[in-house]
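Inspection log for the structure reproduced underneath, given as structure tokens.
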Protein chains: 2
Amino acid sequence: MPRISSAERRSALIEAAVRVISRDGIQAATTRAIVAEANMSLASFHYVFRSRDEMMRELIAFVVGAEADAALRSIGTGRDIRTALREALQTYFDLLTSAPRHEQVMFELLHYSLRTPELEDLPRQQYASYHSAVAALLTTGAEHGGVRWTRPVDDIARMIVTITDGVTLAWLADHDDAAANRVLDFAADAIAAYSEPLPAGDSVVPSPSALTRPRSNDAKEMHR
Amino acid sequence: MPRISSAERRSALIEAAVRVISRDGIQAATTRAIVAEANMSLASFHYVFRSRDEMMRELIAFVVGAEADAALRSIGTGRDIRTALREALQTYFDLLTSAPRHEQVMFELLHYSLRTPELEDLPRQQYASYHSAVAALLTTGAEHGGVRWTRPVDDIARMIVTITDGVTLAWLADHDDAAANRVLDFAADAIAAYSEPLPAGDSVVPSPSALTRPRSNDAKEMHR
DNA sequence: TTTCGTCTGGGACAGTTGTCCAACTTCGAG
DNA sequence: CTCGAAGTTGGACAACTGTCCCAGACGAAA
């Protein structure tokens with residue numbers, strides 16, 4: 001087969017492993033299944049990875065990073081903060097229903113990490129990453145909506161991650177779209193209750209223009 | 001070894017399997033590990049179970065039933081509904097922190113079922129079981145607190161399961177007791193907001209003015 | 001006591017797993 | 001062109017997996 005640099009092979013194998021795990025579960029992500037998916041020989045695997053665990057570690061870091069990035073792109077465009085929240089949650093839910101396997105993989109990797117001593121520091125980082133991504137989203141959303149949070153953003157971010165995790169699990173189990181949407185309505189109400197209008201003149205962004213501002217360029221440069 | 005009836009052997013093996021999974025994860029629950037934990041010979045396994053999958057199916061049913069039972073025993077004793085809710089959530093959280101492996105096993109079994117075609121109907125039943133157990137709890141709690149829910153109990157039950165699942169996952173990942181307690185405070189507030197005093201005078205408890213008042217958490221000391 | 005269905009245990013089977021090796025091929029620097 | 005490093009390969013290894021078979025051992029009915 002073609003001659004490929006070591007670094008390319010690493011990422012090719014990781015991407016192949018992600019496909020295998022999505023399709024058949026983490027249990028099926030054997031070295032042979034992965035190299036078959038990547039159209040490589042078995043020996044290539046241990047040429048670039050010292051062990052399967054080493055590859056798993058890189059895979060998880062890669063996939064968690066991508067997940068946080070995806071979250072950061074889901075800014076709601078609603079006029080008021082409640083609508084913006086609901087739309088962001090809907091964006092996530094649409095993502096879930098259109099690619100359920102992806103979120104399923106996230107959970108499987110989490111539990112795999114929790115059971116693997118060499119990876120036991122990863123779950124903490126994984127959730128810290130989620131929380132800070134959502135917190136950044138909340139801060140941006142509040143500025144756009146001309147409100148401020150009456151609780152620490154970190155706490156509210158954790159509430160949101162809590163709810164999306166819970167909704168995801170239940171939906172993966174019973175695929176009840178309507179029930180999930182009712183829970184998301186509830187969540188948007190409850191979270192929006194922890195916001196209040198900014199005192200006049202105190203705002204960084206003038207309220208009226210924020211309300212009518214087009215949504216185009218906002219999400220880009222906000223990377224924590 | 002002693003002569004044991006087929007039924008006894010079944011439950012002994014299932015209990016041994018639960019111990020193995022708790023200790024080492026579902027991927028370590030091999031037939032050999034299970035019979036070793038139960039002090040049996042390997043052949044005994046296939047004498048009472050046609051296959052490992054058949055045992056897994058029984059194990060999940062057994063363990064999910066026990067989980068729903070445990071939920072039903074966690075009725076809050078608070079006078080107002082908000083306090084009762086918070087106490088019930090605290091009971092669950094104490095259970096989680098004192099036996100984290102148990103909830104971890106629940107998730108692992110869920111994901112195992114989702115990936116096993118012959119078991120794919122189990123997750124739906126599992127969550128239906130959780131939801132109805134919590135719904136029963138909510139109905140009892142409302143009667144006890146002299147209130148009624150302003151939304152269908154089934155929806156509220158789903159919200160609660162959503163939140164406990166989410167809190168559990170995050171806590172398993174980062175063991176942040178304080179943050180979890182703040183989320184549970186939030187949940188109790190938000191859920192209690194969907195209750196209202198019974199219209200007639202048949203309420204056992206005087207109208208609680210603190211019903212929907214957000215309350216800061218009186219966090220107990222947390223380790224770390 | 002004999003019989004017979006129920007239980008037990010050791011061992012075997014074929015398949016899969018992670019890891020490694022020795023041999024082979026390619027390629028660019030000297 | 002030479003040569004050594006980098007890349008590639010099929011095959012092997014020992015360990016482990018789920019499952020099965022058969023020779024027994026037990027206990028109650030006959």
Side-chain angles (χ1 to χ4, degrees), chain A residues 1-21 23-60 108-109 111-113 115-119, chain B residues 1-21 23-60 108-109 111-113 115-120 122:
Chain A
M1 290 297 113
R3 235 170 146 74
I4 288 185
S5 86
S6 196
E8 278 181 89
R9 225 163 248 277
R10 283 179 93 89
S11 35
L13 280 171
I14 287 181
E15 285 165 26
V18 171
R19 288 197 298 275
V20 170
I21 297 179
R23 188 179 346 107
D24 305 317
I26 201 174
Q27 166 112 232
T30 68
T31 54
R32 283 171 177 80
I34 293 169
V35 298
E37 175 77 25
N39 275 321
M40 296 186 195
S41 78
L42 184 53
S44 302
F45 188 97
H46 283 90
Y47 182 75
V48 290
F49 290 114
R50 205 173 318 130
S51 69
R52 184 177 168 277
D53 276 346
E54 180 183 309
M55 190 224 57
M56 271 309 187
R57 183 175 203 104
E58 282 199 24
L59 183 147
I60 294 174
E108 290 175 346
L109 290 176
H111 291 295
Y112 176 83
S113 301
R115 288 291 187 185
T116 308
E118 306 86 38
L119 304 180
Chain B
M1 290 294 110
R3 234 172 147 74
I4 290 185
S5 85
S6 195
E8 277 181 88
R9 225 166 249 278
R10 283 179 94 88
S11 35
L13 280 171
I14 287 181
E15 285 166 26
V18 171
R19 287 197 299 275
V20 170
I21 296 179
R23 187 181 345 108
D24 304 317
I26 200 175
Q27 104 163 314
T30 69
T31 54
R32 282 169 177 81
I34 294 169
V35 298
E37 175 77 25
N39 275 323
M40 296 185 194
S41 78
L42 185 53
S44 301
F45 188 96
H46 283 90
Y47 182 74
V48 291
F49 291 114
R50 204 175 320 128
S51 70
R52 183 177 169 277
D53 276 346
E54 179 183 311
M55 190 223 57
M56 267 317 183
R57 185 177 201 101
E58 281 199 24
L59 183 147
I60 294 175
E108 290 175 347
L109 291 176
H111 291 295
Y112 176 84
S113 301
R115 289 290 187 184
T116 308
E118 306 85 39
L119 303 179
E120 65 185 356
L122 282 180

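In the text below, chain A, chain B and the rest are named by the order of the sequence lines, each starting its count at 1. Side-chain atoms are counted along with the backbone in the values below, which use heavy atoms only and exclude waters and symmetry mates. Computed from a predicted model, the values in this text were never measured in an experiment.
Rounded to whole Å, atom P of C:dG9 lies 16 Å from atom CZ of B:Arg32. Atoms CZ (B:Phe45) and C1' (D:dT19) sit 10 Å apart, rounded to a whole Å. Between A:Arg50 atom CZ and C:dC21 atom C1' there is a gap of 18 Å when expressed in whole angstrom units. Rounded to whole angstrom, the span from the CG atom of B:Asn39 across to the P atom of C:dC7 amounts to 20 Å. Rounded to a whole Å, the CD atom of B:Glu54 is 13 Å from the C1' atom of D:dT19. Separating the CE atom of A:Met40 from the P atom of C:dG18 is a distance of 16 Å, rounded to the nearest angstrom. C:dT16 atom P lies 16 Å from atom CZ of B:Arg52, rounded to whole Å. B:Arg10 has its CZ atom 15 Å from the C1' atom of C:dC7, to the nearest Å.
A donor-acceptor pair is defined here as one N or O able to donate and one able to accept, closer than 3.5 Å; no such pair exists between the side chain of B:Thr116 and the backbone of B:Ser113. Side-chain atoms of B:Arg57 come within 3.5 Å of backbone atoms of B:Glu118 as a donor-acceptor pair (strictly under, hydrogens ignored). Here the side chain of B:Arg52 pairs no donor or acceptor atom with the backbone of B:Thr31 at under 3.5 angstrom. Panel note: side chain A:Arg115, backbone B:Ile26; no donor-acceptor pair is recorded below 3.5 Å.
Contacts of A:Leu42 with the nucleic acid, taken as non-hydrogen atoms under 4.0 Å apart, include base atoms. Within the nucleic acid shown, A:Tyr47 comes within 4.0 Å of at least one base atom, counting heavy atoms only.
Listed pair B:Ser41 / C:dG10 fails the phosphate criterion, with no side-chain N or O lying under 4.0 Å from OP1 or OP2. Note on A:His46: a side-chain N or O is less than 4.0 Å away from OP1 or OP2 of C:dT19.
Nearer to the 5' terminus of DNA chain C, by closest-nucleotide assignment, is the contact made by B:Ser44 (compared with the other of A:Asp53 and B:Ser44). When the nearest nucleotides of DNA chain C are assigned to A:Ala43 and A:Ala33 by heavy-atom distance, the more 5′-ward of the two goes with A:Ala33.
The side chain of A:Ile4 approaches D:dT8 more closely than any other nucleotide in the set D:dT8, D:dT19, C:dG18.
A donor-acceptor contact under 3.5 Å is not formed by the side chain of A:Arg9 with the base of D:dG7.
When the shell of 6.0 Å around CD of B:Glu58 is examined, it contains more than 12 heavy atoms from other residues, nucleotides or ligands.
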